[in-house]
Amino acid sequence: MKEPLAKAYDPHGMEDRIYDKWLKNKYFHAEVRKDKKPFSIVMPPPNITGKLHMGHALDNTMQDILIRFKRMQGYEALWQPGTDHASISTEVKIIEKLKEEGTSKEELGREGFLRRAWAWKDEYGGIIESQLKKLGISCDWDRKRFTMDEGLSDAVNEVFIRLYEKGWIYKGAKMVNWCPVCQTTISDAEVEHETQNSHLWHIKYPVIGTDRFLEFATTRPETMLGDTAVAVNPEDDRYKDLVGKSCMLPFMNREIPIIADEYVDMEFGTGVVKITPSHDPNDFEVGKRHNLEFINIMNDDATINENGGRFAGLTRMEARKRIVDELREMGLLVKIEDYSHEVGIHDRCHTTVEPLVKQQWFVKMEDLIKPAVSGVKNKDIKLIPPRMEKLYFNWTDHIRDWCISRQLWWGHRIPAYYCDACGEIAVGKEKPDKCPKCGAEKFTQDPDVLDTWFSSALWPFSTLGWPKRTPELEYFYPTSVLVTGYDIIFFWVIRMAFSGYEHMGERPFDAVLFHGLIRDEKNRKMSKSLGNGIDPLDIIDKYGADALRFMLVTGNSPGNDMRFLYDRVEAARNFANKVWNASRFIMMNLDGHSITKPEAADLEDTDKWILNKLFLAEKEITENLEKYELGVASQKIYDFVWDSFCDWYIEMVKPRLYQSGDENSQSAALWTLKTVLLDSLKLLHPYMPFVTEEIYCNLRQELADESLPESIMISSWPIPTDQWVFEKEVFMVEAMKNAVRSIRNMRNEMNVAASKRIDVTVVSENPSVREAFEKESMIFASLISGDKIEIASDKTGISDGAVSCVTQDATIFVPLNELVDLSEEKKRLEKEKARLEKELARSHGMLSNEKFLSKAPASKIQEEKDKLASYEKMMAEVEERIRSCK
RNA sequence: GGGAUUGUAGCUCAGCUGGGAUGAGCGUUCGCCUCACACGCGAGAGGUCACGGGUUCGAGCCCCGUCAAUCCCACCA
């Protein structure tokens with residue numbers, strides 16, 4: 001026999017060659033085709049600073065599986081790729097690089113810096129694309145976009161202007177999160193919280209005109225330099241008489257009023273709070289309510305400024321230490337307590353965020369968010385798994401206005417212009433010629449850029465051409481499903497949701513499929529700082545992309561974190577090898593034969609059995625994929641291919657190929673092998689695109705079948721037909737399988753050498769069971785290493801020395817004569833009896849329960865009765881066998 | 001302070017919105033280089049489905065509580 005495939009599956013060399021072929025043939029490309037139904041996914045754009053990590057690998061594998069599945073199903077499947085400019089991350093990286101070169105952003109100036117940034121993007125921005133290609137993903141590279149390309153920048157400006165004109169974007173002085181290291185504002189979503197062990201400093205201020213002091217506790221003593229009041233609860237009897245008086249602020253010698261405000265909790269500490277309106281969000285509100293003075297005591301790098309008197313120039317921490325020391329000397333420090341509390345830190349650089357009052361641009365969220373909330377509530381957008389709705393609503397319910405301006409250079413510059421003469425603001429795509437207010441002609445554009453998520457929020461429609469009404473937008477929007485991690489729900493998913501409703505009047509996607517995080521073998525998050533990340537490219541290099549892909553989506557469910565285990569990659573690789581070798585076997589046997597579809601009558605029971613299994617697999621796998629249950633589907637493919645097809649059917653088919661000499665039987669077997677293989681490859685293709693393509697192309701050549709498409713990825717998804725439902729044959733083959741298992745078990749327990757051929761007599765009173773064994777006796781013999789197979793309707797003539805196996809459908813006798821140790825045989829049967837006793841007890845228990853009989857559905861009761869009958873029969877048989885062992 | 005998730009075989013996890021846990025991989029035991037595959041084949045052992053209540057004819061699955069682990073959110077100084 002000729003060997004069309006190498007002996008072992010080896011992904012090396014195969015994958016790049018195949019990917020190039022796909023690209024060359026433009027199989028990934030989607031067009032507007034009115035005769036087909038669209039299916040579309042937008043790829044979460046990786047950062048241009050990014051390097052492929054396991055998260056990307058998982059995310060993109062899932063999308064690719066869905067896209068390939070839908071493409072094969074006949075949808076016009078668009079997978080829209082692209083990259084994100086990642087404003088702050090990229091800028092930070094470039095600044096680092098500049099520092100290495102001994103220069104800086106300031107030295108280059110804005111224009112010079114941006115030139116550098118674009119050059120950087122050209123150099124590094126494509127790396128991730130080439131890495132993604134190694135995964136085999138089939139996105140439409142011809143359509144790739146970049147958040148700062150011309151069209152998308154236009155969309156950003158359009159949105160900004162629309163929202164501004166609507167009054168939903170405004171500029172104002174508010175308390176914002178300020179990162180002193182990155183020197184920019186950040187949004188609430190970018191603030192992480194970290195528990196820090198610190199102290200609670202108890203301090204007292206003298207009350208002017210009395211000999212009393214007001215004692216309070218603070219976690220940030222240094223902010224006292226900006227105190228403009230001390231507050232108590234209006235109901236607090238301890239301090240009622242002091243409200244309206246003033247305290248003397250140490251160091252600053254400033255008189256600050258004692259005010260009453262409900263915000264103060266009487267139960268906490270002494271019931272007194274110092275108020276620093278410029279440096280604390282709560283105090284900011286109190287300050288506004290009471291018309292307090294707002295004194296900013298900090299520079300942008302979080303050192304104390306001139307408003308901090310002689311502490312000016314110190315860092316936050318230095319100032320804290322000096323102030324505490326001096327208060328102690330002055331006798332104003334009462335005590336220091338240990339205290340642990342949550343501190344806001346910047347998610348990029350982990351610097352403690354400083355709440356500051358700044359003039360910034362904000363998006364008003366109150367109305368904008370509404371459709372995004374109701375959209376999810378009424379399932380216009382479906383979240384998978386549904387529990388993600390709680391996370392989603394937790395954010396929308398507490399949403400605050402979105403601070404969108406960043407004091408950075410790399411990004412979309414805010415389309416707002418200020419009249420140099422009168423300060424009038426003009427928002428528009430172009431710089432205005434003349435100030436509408438004062439007529440002056442000089443304008444300066446706002447120096448800030450937009451939050452990077454401002455542009456990604458528009459991704460589902462901006463990539464399709466919006467604000468132009470392109471045919472693509474018309475056809476592919478709303479997109480079908482968004483695949484992403486739950487960690488990005490606040491940053492991105494919600495913002496796409498409200499942007500879609502606001503600008504398109506429609507949801508951006510029908511469903512969001514969430515996946516979890518990938519953790520290392522010790523269940524830790526993979527992170528740069530821990531250095532425990534596993535490089536997907538290393539895995540691909542070692543095991544192949546197919547193995548990695550299969551491993552990533554098998555055995556886990558939406559939204560759940562998963563652990564990365566090498567064992568599992570290996571198992572996936574072994575599966576690829578299994579498929580490879582099964583194909584190799586089939587192709588070796590196909591050799592030279594022309595395959596034609598057999599007459600129904602020529603199909604044997606075992607053929608019908610596997611076809612019926614295939615039918616069920618196709619039906620279920622298709623349903624699972626349609627419900628986005630990727631892990632369940634892959635498990636079913638694995639089980640079908642390995643267990644049903646390889647371990648059973650291929651073994652059952654061998655004697656027909658090798659020894660029968662019956663041409664009709666052989667040709668039916670070959671056709672069935674080919675048919676099941678072809679469909680299996682298709683079912684597996686979305687998961688393991690490379691190995692399936694390689695086998696498919698070889699198979700196609702082997703078959704010389706021109707009607708098969710030249711690539712499996714453009715072939716059609718198997719449509720299960722109930723022509724392949726064969727109840728009777730399935731029953732008979734299952735009866736044979738039970739017998740085979742039972743006999744093999746017996747052989748092992750009785751220590752019958754694997755090479756020893758045995759004679760068996762199958763006794764069954766069921767004529768169709770007898771018929772099945774009769775018909776399949778050659779296969780049966782082959783599976784059990786049998787020699788002579790006899791079929792009988794009763795036990796007459798069975799020799800006493802025989803070992804027996806009792807199955808539901810038959811009793812099988814194996815005369816082992818000299819080999820049989822009767823006490824062993826008895827022990828074996830007793831074990832079987834014990835098992836049956838347990839089953840009988842359970843079954844009896846249920847069926848003697850009046851309530852079960854009156855309330856359970858009839859079908860359930862019947863099912864249970866049938867089981868009982870079968871157990872009783874087997875029990876009688878086993879008991880009889882035991883008796884005969886004497 | 002709120003909320004979520006997880007707790008199933010030695011390990012890592014599935015378990016289709018209640019109906020026998022023949023669940024998967026790895027590991028383990030026994031036997032096999034059987035002409036597709038040792039990245040393999042056959043046969044086993046191994047689980048009071050965290051604990052305590054409840055609903056139900058029936059609960060791994062639903063409800064309540066407890067414990068443990070993980071994570072998210074939050075402006076109590």
Side-chain angles (χ1 to χ4, degrees), chain A residues 1 3 5 7-9 175 193 200 216-220 231 263-265 267-276 280-285 341-342 344 355 387-388 390-391 394-395 398 486-487 489-490 516-517 519 521 523 525 543 547 551 554-557 559-563 565-568 570-589 620 623-624 627 629 631-632 635 638-639 646-647 650-651 654 658 740-741 744-749 751-755 782-783 785 839 842-843 846 849-857 860 863-864 867:
Chain A
M1 271 186 282
E3 293 196 11
L5 295 180
K7 181 163 168 156
Y9 154 70
M175 180 113 334
H193 296 267
L200 207 47
F216 55 87
T218 177
T219 53
R220 301 199 56 194
Y263 152 68
V264 182
D265 178 356
E267 307 299 316
F268 189 92
T270 55
V272 181
V273 185
K274 71 191 235 350
I275 300 297
T276 323
D280 181 276
N282 287 313
D283 296 5
F284 179 78
E285 296 302 322
H341 63 140
E342 295 283 318
R387 69 179 137 87
M388 291 302 168
K390 298 208 171 170
L391 259 180
N394 183 41
W395 184 259
H398 299 105
Y486 61 77
D487 52 332
I489 192 164
F490 311 128
L517 272 36
R519 297 168 175 281
E521 298 189 66
N523 207 21
K525 242 188 212 174
Y543 299 95
M551 174 271 171
T554 303
N556 81 328
S557 47
N560 282 2
D561 289 357
M562 72 175 315
R563 227 171 272 207
L565 297 170
Y566 282 90
D567 279 353
R568 297 186 49 221
E570 220 165 282
R573 191 269 323 263
N574 293 352
F575 179 52
N577 185 57
K578 188 73 186 175
V579 174
W580 181 266
N581 270 289
S583 311
R584 183 165 164 261
F585 168 81
I586 292 165
M587 281 189 239
M588 281 161 70
N589 283 288
E620 290 177 18
E623 281 168 11
N624 289 135
K627 287 191 279 182
E629 294 165 349
V632 182
Q635 191 65 55
Y638 183 98
D639 289 343
C646 292
D647 287 348
I650 287 182
E651 291 308 317
K654 279 178 181 171
Y658 296 149
V740 168
R741 264 195 290 253
R744 284 170 172 174
N745 180 358
M746 180 276 291
R747 289 181 72 119
N748 272 284
E749 293 202 11
N751 287 316
V752 180
S755 54
S782 144
L783 294 175
S785 246
E839 295 294 350
R842 191 193 59 80
S843 205
M846 275 176 94
N849 183 341
E850 283 294 328
K851 286 178 178 166
F852 174 73
L853 294 175
S854 61
K855 297 206 174 176
K860 193 73 213 162
E863 196 183 307
E864 207 48 53
K867 281 181 200 164

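Below, chains carry the letters A, B, ... as their sequence lines are ordered, and counting in each starts from 1. Only a predicted model underlies this, so the values are computations on that prediction, with no experimental measurement involved.
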Engineer: Tell me, for nucleotides 23-31 of chain B in 5' to 3' order, what letter each nucleotide earns: B for a base near a protein heavy atom under 4.0 Å, S for only sugar-phosphate near one, - for neither?
Structural biologist: -SSS-----
Engineer: In whole angstrom, give the distance that lies between atom CZ of A:R387 and atom P of B:C72.
Structural biologist: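 The distance from CZ of A:R387 to P of B:C72 comes to 14 Å, rounded to the nearest Å.
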Engineer: With the side chain of A:R744 defined as its heavy atoms from C-beta on, choose the nearest nucleotide among B:A38, B:A43, B:A36.
Structural biologist: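 Among the listed nucleotides, the one closest to the side chain of A:R744 is B:A43.
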Engineer: Contact class for A:R563 vs. all strands (heavy atom < 4.0 Å): base, sugar-phosphate, or nothing?
Structural biologist: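 Counting heavy atoms under 4.0 Å across all strands, the contact made by A:R563 is with sugar-phosphate only.
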Engineer: Pick the P atom in B:U8 and in B:U48, then give their distance to the nearest Å.
Structural biologist: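 Taking atom P in both B:U8 and B:U48, they lie 12 Å apart.
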Engineer: Where do N or O atoms of nucleotides 44-49 of chain B meet protein N or O atoms at under 3.5 Å, pair by pair?
Structural biologist:
| unit_1 | atom_1 | unit_2 | atom_2 | d |
| --- | --- | --- | --- | --- |
| B:G44 | OP1 | A:N745 | ND2 | 2.9 |

Engineer: What residues, two or more places apart in sequence or in another chain, satisfy side-chain contact (heavy atoms from CB on, under 4.5 Å) together with A:A753?
Structural biologist: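 Checked A:A753 against side-chain contact (heavy atoms from CB on, under 4.5 Å); matches are A:S755, A:K756.
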Engineer: The criterion is side-chain contact (heavy atoms from CB on, under 4.5 Å); which residues satisfy it with A:D639, sequence neighbours excluded?
Structural biologist: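 Residues passing side-chain contact (heavy atoms from CB on, under 4.5 Å) with A:D639: A:Q635.
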Engineer: Check side-chain hydrogen bond (donor to acceptor under 3.5 Å, both in side chains) between A:N577 and all other residues, then give those that pass, not counting sequence neighbours.
Structural biologist: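 Once residues adjacent in sequence are excluded, the partners of A:N577 under the side-chain hydrogen bond (donor to acceptor under 3.5 Å, both in side chains) criterion are A:N581.
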Engineer: If you take all heavy atoms of A:F216 and A:V272, which pair is closest and at what distance?
Structural biologist: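 In terms of heavy atoms, the two residues are closest at CB-O, 3.3 Å.
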Engineer: Using the closest heavy atom to pick a nucleotide of RNA chain B for each, name whichever of A:C646 or A:Y486 lands nearer the 5' end.
Structural biologist: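 With A:C646 and A:Y486 compared, the 5'-side residue is A:C646.
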Engineer: Which residue in the set A:Y543, A:Y9, A:Y638, A:W580 passes ring pair (Phe, Tyr, Trp, His ring centres under 6.0 Å) when paired with A:F575?
Structural biologist: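 Only match with A:F575 under ring pair (Phe, Tyr, Trp, His ring centres under 6.0 Å): A:Y638.
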Engineer: Does RNA chain B take part in any stems of at least 3 consecutive Watson-Crick or G-U pairs (both distances under 3.5 Å), and if so, which ones?
Structural biologist: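 The stems are B:1-7 with B:67-73, B:10-13 with B:23-26, B:28-32 with B:40-44, B:50-54 with B:62-66.
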Engineer: Tabulate atom names and distances for all N/O pairs under 3.5 angstrom spanning the protein and nucleotides 67-70 of chain B.
Structural biologist:
none

Engineer: Please name all residues satisfying side-chain hydrogen bond (donor to acceptor under 3.5 Å, both in side chains) with A:N574, sequence neighbours left out, ordered by chain then number.
Structural biologist: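 Result, side-chain hydrogen bond (donor to acceptor under 3.5 Å, both in side chains) vs A:N574: none returned.
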Engineer: Looking at residues at least two apart in the chain, or sitting in another chain, which of them share a side-chain contact (heavy atoms from CB on, under 4.5 Å) with A:V264?
Structural biologist: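 A:V264 satisfies side-chain contact (heavy atoms from CB on, under 4.5 Å) with A:A231, A:N233, A:V273 once adjacent residues are dropped.
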Engineer: Taking ring pair (Phe, Tyr, Trp, His ring centres under 6.0 Å) as the definition, give me every residue that meets it alongside A:H341, ordered by chain and number, with sequence neighbours left out.
Structural biologist: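 With sequence neighbours excluded, A:H341 shows a ring pair (Phe, Tyr, Trp, His ring centres under 6.0 Å) to A:Y339, given in chain and number order.
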Engineer: Give each protein N/O atom lying under 3.5 Å from an N/O atom of nucleotides 73-77 of chain B, with the pair distance.
Structural biologist:
| unit_1 | atom_1 | unit_2 | atom_2 | d |
| --- | --- | --- | --- | --- |
| B:C73 | O2' | A:N394 | ND2 | 3.2 |
| B:A74 | OP2 | A:H193 | NE2 | 3.3 |
| B:A74 | N6 | A:E342 | OE1 | 3.3 |
| B:C75 | O2' | A:N282 | ND2 | 2.7 |
| B:C75 | O2 | A:N282 | OD1 | 2.0 |
| B:C75 | O2 | A:N282 | ND2 | 2.9 |
| B:C76 | O2 | A:D265 | OD2 | 3.4 |
| B:C76 | N3 | A:D265 | OD2 | 3.3 |
| B:A77 | OP2 | A:Y339 | OH | 2.9 |
| B:A77 | O2' | A:A217 | O | 2.9 |
| B:A77 | N6 | A:D265 | O | 2.6 |
| B:A77 | N6 | A:F268 | O | 2.8 |
| B:A77 | N1 | A:D265 | N | 3.1 |

Engineer: Are A:R842 and A:E864 close enough that some pair of their side-chain heavy atoms sits under 4.5 Å apart?
Structural biologist: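 Sidechains of A:E864 and A:R842: in contact.
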Engineer: Just checking A:E850: base, sugar-phosphate only, or nothing, at a heavy-atom cut-off of under 4.0 Å?
Structural biologist: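 Nothing: the residue A:E850, judged by heavy atoms under 4.0 Å, touches no strand.
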Engineer: Between B:C41, B:A36, B:C39, which nucleotide has the shortest distance from any of its atoms to the side chain of A:R573?
Structural biologist: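 Selected nucleotide (nearest to the side chain): B:C39.
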Engineer: Answer with yes or no whether A:R584 presents, from its side chain, a donor or acceptor under 3.5 Å of a partner atom in the base of B:C37.
Structural biologist: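 Check fails, no donor-acceptor contact within cut-off.
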Engineer: Is it the case that A:K654 places NZ or CZ above or below the six-membered ring of A:F585, under 6.0 angstrom from the centre and within 45 degrees of the axis?
Structural biologist: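 Output yes; distance and angle both within limits.
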Engineer: Which part of the nucleic acid, if any, lies within reach of A:P355 when heavy atoms closer than 4.0 Å are counted: base, sugar-phosphate only, or nothing?
Structural biologist: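 Touches nothing.
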Engineer: Categorize A:K390 for me: base, sugar-phosphate, or nothing, with a 4.0 angstrom heavy-atom threshold over every strand shown.
Structural biologist: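 Sugar-phosphate: the residue A:K390, judged by heavy atoms under 4.0 Å, touches backbone atoms but no base.
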Engineer: Between the protein and nucleotides 15-17 of chain B, list the N/O to N/O atom pairs that are separated by less than 3.5 angstrom.
Structural biologist:
none

